[in-house]
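Worksheet: the structure to be examined is printed underneath.
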Amino acid sequence: MVKLLTDDEILSGTKTELKSREYTTTLGQVMKHFREQILGFTVPEMSRKIDIPATTIYNFENGNSTNANNIRYYFHLCKSYEQRKIFKQRIDEFNNDVLK
């Protein structure tokens, strides 16, 4: 059986002082901004488009979910190369900020 690392173990080798909760809250804020400004969806619209509960989206964007796999929903809603490029840029910027 493979032992999965906790958020604290993943972050322990970095210079960041973020705690797990701060990390997920910040990632959720990045994705919320992307949803609103780039994709142009409300939470209920996104929920209907990808057929997941709105509470899943709310919890992720407010840092109440530690499931970073939720970011895939935002990527799947990208309709153009430009949106995908912005998505990748935002994730890269987030990673650079968190891991510096």
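Keep in mind it's a predicted model, so treat the numbers as computed, not measured. These numbers come from the heavy atoms of this one structure, side chains and all, not from hydrogens, waters or symmetry mates.
Between the CE atom in Met46 and the CG atom in Leu39 there is a gap of 7.0 Å [rounded to 0.5 Å]. Separation of atoms CG (Asn64) and OG1 (Thr55) is listed at 11.0 Å; rounding is to 0.5 Å. How far CG of Leu77 is from CZ of Arg35: 10.5 Å, rounded to the nearest 0.5 Å. Atom OG of Ser80 sits about 10.5 Å away from atom NZ of Lys85, to the nearest 0.5 Å.
At a threshold of 4.5 Å between non-hydrogen side-chain atoms, the residues Ile71 and Phe60 count as touching. Using a 4.5 Å heavy-atom cutoff, the side chains of Arg90 and Ile38 are in contact. You'll find the side chain of Gln29 stays beyond 4.5 Å of the side chain of Glu61, heavy atoms only. The side-chain heavy atoms of Lys49 and Phe41, taken from C-beta on, include a pair separated by under 4.5 Å. Within the 4.5 Å cutoff, side-chain heavy atoms of Met31 are placed close to those of Ile91. Gln89 is listed as a side-chain neighbour of Glu93, based on a closest heavy-atom distance under 4.5 Å.
Side chain of Ser65 to backbone of Asn59: no donor-acceptor contact under 3.5 angstrom is found. Without hydrogens or angle criteria, Asp51 side chain to Arg48 main chain gives no donor-acceptor distance under 3.5 Å.
Contacts of Phe34 classified as ring pair (Phe, Tyr, Trp, His ring centres under 6.0 Å), with partners at least two apart in sequence or in another chain: Phe87. Remark: Lys88 pairs with Asp92 by the side-chain hydrogen bond (donor to acceptor under 3.5 Å, both in side chains) rule, at least two apart or across chains. Tyr58 pairs by the ring pair (Phe, Tyr, Trp, His ring centres under 6.0 Å) definition with nothing, not counting sequence neighbours.
Summarising the geometry of Ala54 relative to Ser47, their closest heavy-atom pair is N-OG, 3.3 Å, with the distance given to 0.1 Å.
Residues Tyr74 and Gln83 have side chains that never bring a donor and an acceptor to within less than 3.5 angstrom of each other.
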